[in-house]
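Counting starts at 1 for both ligands and their atoms, following the listed order. Hydrogens, waters and symmetry mates are skipped; everything else that's a heavy atom, side chains included, is used.
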Amino acid sequence: MDLGLKDKIALVAAGSRGLGRAVAEELAVEGASLVLCAREARTLAETAAAIADNFGTHVLAVPADVTSVSDITRVVEAGNERFGRIDILVTNAGGPPAGTFDQITREQWEEATRLTLFSAIELARQVLPGMKERRWGRILNITSIAVKQPVENLMLSNSLRAGLTGFARTLANEVAADGITVNNILPGYTRTERLEDLAKMMAEKQGISAAEFSAKWEKEIPMGRLGEPREFAALAAFLVSERASYITGTSIQVDGGWIRSLL
Ligand code: NAD
């Protein structure tokens, strides 16, 4: 299937590693040019160079923190300057800290809101005018399975990603007639550095090995294994493609069957 992504320009936020990087790579395979941002300049530059070398595509790397409005402005302006437009926006950021309601401070709520909710809203705010003008656009938010089935001990993620889902569903209707789709993709337990670090940390706390701890996650997943970033990225590439032109306002999980609900 030709996804129609050749010559499209995609901004992938938090794209230096993990799920963001996997999405960037899949889009590069399909021939899209990329604008990547992440906080750490060195990792970002390495990722951008590797993608450009491996897939022969144009990659612009702009170090930026997505919690900063001025950083987002810099990224969008740099993308527009280099490529003339941004057709596709994939929002992403690091996950907010774990914890129950009693453990989370007011400051942590505010920081997490900037990271998980406002970053996606601001990115959308800055790319939408151009998409509307050209009457074509794709916005895809990376959220979490927590949106359909809250995960224990993840109060911030469960709450703020639900807020982002409400925003995206509302925006989808507001921009549908402009040829712009807005969707969310929900990763389940997927083997990224973050998940491996988390397994190590949790395992240490429980006095078991990281492999033993990962086995606990795998037991909850009908497929009996963690997901691979490429399996996640395949759906992301489809959802931002020309071929997904009539799909908007959806939230689709890539979770090996972890979410138990009907819809
Ligand atoms: P990761 O830690 O491997 O990668 C996160 C990326 O975000 C990195 O490139 C990092 O540089 C960048 N980043 C972090 N904070 C940033 C900021 N303020 N500004 C710009 N860039 C920033 O994480 P991942 O596993 O790829 O997860 C990506 C998102 O998906 C996270 O929000 C995570 O909570 C969510 N998620 C992941 C899983 C999973 O199993 N991997 C499951 C559910 C939800």
Ion pair check, Lys6 and Glu30, cut-off under 4.0 Å: no
Can a salt bridge be assigned to the pair Glu111 and Arg114 using a cut-off of 4.0 Å between side-chain N and carboxylate O? no
Does Trp136 have Lys8 sitting over its ring (NZ/CZ under 6.0 Å from centre, angle to axis within 45°)? yes
Any salt bridge (Lys or Arg N to Asp or Glu O under 4.0 Å) involving residues 153-163? Give me the pairs, sequence neighbours left out, ordered by first then second residue. none
Less than 4.0 Å from some atom of ligand 1, heavy atoms are found in residues Ala14, Ser16, Arg17, Gly18, Leu19, Ala38, Arg39, Ala64, Asp65, Val66, Asn92, Ala93, Gly94, Gly95, Leu115, Ile142, Thr143, Ser144, Arg161, Pro187, Gly188, Tyr189, Thr190, Thr192, Arg194, Leu195
Tell me whether the rings of His58 and Phe83 are parallel (<30°), tilted (30 to 60°) or perpendicular (>60°). tilted
Should we say atom CZ of Arg230 is surrounded by more than 12 heavy atoms from elsewhere, each under 6.0 Å from it? no
